[in-house]
Amino acid sequence: MNKLNHVAFIMDGNGRWGKKKTKGRNYGHLQGVKTVQKIVQGAIKLNIPIITFYVFSTENWKRPKKEINFLFNLISLYFKRELQNVIKNNIKIKILGKISSLPVATRNNLKIAINKTKKNNKLIVNLAINYGSKSEIVNTIVKLKKRGLEISEKTISNNLYTEKLPNPDILVRTGGQKRLSNFMLWQLAY
Ligand code: IPE
Ligand code: IPE
Ligand code: MG
């Protein structure tokens with residue numbers, strides 16, 4: 001097989017897993033963070049330069065407020081506790097999605113993480129947060145039009161949240177379902 005450049009994950013099934021363990025959906029989300037860490041370590045070991053996690057979709061705002069708050073607190077807490085390790089591992093954090101609509105604490109922690117890791121070059125970790133592929137494509141076209149730029153496959157590709165990163169070679173969806181749930185429709189065309 002050719003070298004893997006980019007592996008993407010729709011990390012699904014966490015809530016059901018927590019419920020099955022009779023500890024509740026949020027317990028599933030909490031354990032999901034540990035799995036993310038294992039995958040990151042695996043990517044470093046296997047020399048995979050880019051990984052992407054689907055963390056929160058534009059459709060996930062329809063979930064109960066309590067669960068949404070738990071998820072965003074989890075993201076904030078993670079970066080508060082782990083940023084030094086992320087930096088030490090030479091990992092660059094990139095966000096795919098509109099972070100301006102996130103709770104302010106989460107937004108600030110993410111901005112710090114992006115800033116402090118921007119020069120790192122061992123592994124790019126893309127976090128798709130408040131991400132939806134359809135709105136990504138629409139926003140990109142609007143942006144190109146505003147700037148008076150040509151609208152072509154190339155300019156759209158280069159101006160998505162993923163910018164000039166290569167498309168994923170492999171998509172993994174955990175949890176047993178087989179659908180894209182509005183994830184990287186353009187980038188996963190093949
Ligand atoms: C995690 O899985 C993905 C997130 C949106 C955080 P889910 O929360 O969708 O868990 P299931 O699919 O309901 O089990
Ligand atoms: C996909 O999981 C979104 C994320 C993993 C963030 P969902 O559980 O939200 O998707 P559906 O509802 O099964 O399509
Ligand atoms: Mg799900």
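- Remark: the backbone N or O of Leu71 is not paired with any side-chain donor or acceptor of His29 at under 3.5 angstrom.
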Worked verdict on Lys122 versus Asn89 for side-chain contact (heavy atoms from CB on, under 4.5 Å): CA-CA 8 Å; Lys122 171 70 188 161; Asn89 281 305; over 6 Å; no
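- Side-chain contact check for Phe183 versus Thr52: some heavy-atom pair is nearer than 4.5 Å.
- Using a 30° and 60° split on the angle between ring planes, Trp17 and Tyr27 fall in the parallel class, below 30°.
- Between the Asn167 side chain and the Leu188 main chain, no donor and acceptor come within less than 3.5 Å of each other.
- For the pair Glu136/Thr162, a side-chain contact is recorded, criterion being any heavy-atom separation below 4.5 Å from C-beta on.
- With a 4.5 Å cut-off on side-chain heavy atoms, Ile10 and Val172 do not count as touching.
- Here the CG atom belonging to Leu123 is positioned 5.5 Å from the CD1 atom belonging to Ile44, to the nearest 0.5 angstrom.
- A heavy-atom distance below 4.5 Å is found between the side chains of Trp186 and Ser157.
- Leu185 and Ile170 fall into different hydrophobic clusters, where Ile, Leu, Val, Met, Phe, Trp and Tyr residues are linked whenever their side-chain heavy atoms come under 4.5 Å apart, directly or through other members.
- Taking CZ of Arg25 as the start and NZ of Lys66 as the end, the distance is 14.0 Å to the nearest 0.5 Å.
- There is a path of hydrophobic side-chain contacts, each under 4.5 Å, that joins Val55 to Ile91.
- Closest of all the heavy-atom pairs between Pro49 and Asn47 is CD-O, 3.4 Å.
- At a threshold of 4.5 Å between non-hydrogen side-chain atoms, the residues Asn182 and Ser57 do not count as touching.
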Derivation and outcome, side-chain contact (heavy atoms from CB on, under 4.5 Å), residues Ile151 and Ile156: CA-CA 7 Å; Ile151 293 170; Ile156 293 174; 4.0 Å; yes
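- Leu144 contributes atom CG, which lies 11.0 Å from atom CG of Asn139 (distance to the nearest 0.5 angstrom).
- Under the 4.5 Å side-chain heavy-atom criterion for Ile, Leu, Val, Met, Phe, Trp and Tyr, Ile87 and Leu77 are members of distinct hydrophobic clusters.
- A side-chain donor-acceptor contact under 3.5 Å links Thr174 to the backbone of Asp12.
- When every heavy atom of Pro168 is checked against every heavy atom of Met184, the shortest pair comes out as CG-SD, 3.8 Å.
- With rounding to the nearest 0.5 Å, the separation of CD1 in Ile141 from CG in Leu149 is 13.0 Å.
- Within the structure, salt bridge (Lys or Arg N to Asp or Glu O under 4.0 Å) pairs that include any residue of residues 146-171 comprise Lys94-Glu163 (at least two apart or interchain).
- Aromatic ring orientation, Phe56 versus Trp61: perpendicular (interplanar angle above 60°, classes split at 30° and 60°).
- The backbone N or O of Gly97 sits nowhere less than 3.5 Å from a side-chain atom of Asn130 that would complete a donor-acceptor pair.
- Arg179 places a side-chain heavy atom less than 4.5 Å from the side chain of Arg173.
- Ile51 and Ile39 make their closest contact through CD1-CG2, 4.3 Å (heavy atoms, listed as atom of the first residue, atom of the second, distance).
- Tyr54 OH to Leu180 CG: the interatomic distance, rounded to the nearest 0.5 Å, is 9.5 Å.
- Within the 4.5 Å cutoff, no side-chain heavy atoms of Thr35 are placed close to those of Phe53.
- Inter-residue side-chain proximity for Lys111 and Phe79 is flagged as unmet; no heavy-atom pair is nearer than 4.5 Å.
- Lys116 places no side-chain N or O within 3.5 Å of a backbone atom of Val86 that could act as its donor or acceptor partner.
- Hydrophobic clustering of Ile, Leu, Val, Met, Phe, Trp and Tyr side chains at less than 4.5 Å, counting indirect connections, keeps Ile95 apart from Ile50.
- A 6.0 Å sphere centred on NZ of Lys143 holds more than 12 heavy atoms belonging to other residues, nucleotides or ligands.
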side-chain contact (heavy atoms from CB on, under 4.5 Å) evaluation trace for Gln37 with Tyr78: CA-CA 11 Å; Gln37 281 177 307; Tyr78 179 80; 3.7 Å; yes
Steps toward side-chain contact (heavy atoms from CB on, under 4.5 Å) verdict (Leu83, Asn109): CA-CA 9 Å; Leu83 185 58; Asn109 284 315; over 6 Å; no
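- When the side chains of ILVMFWY residues are joined at heavy-atom separations under 4.5 Å, either directly or via intervening members, Leu171 and Ile124 end up in two distinct hydrophobic clusters.
- For the atom pair OH of Tyr131 and CD1 of Ile99, the computed distance is 15.5 Å after rounding to the nearest 0.5 Å.
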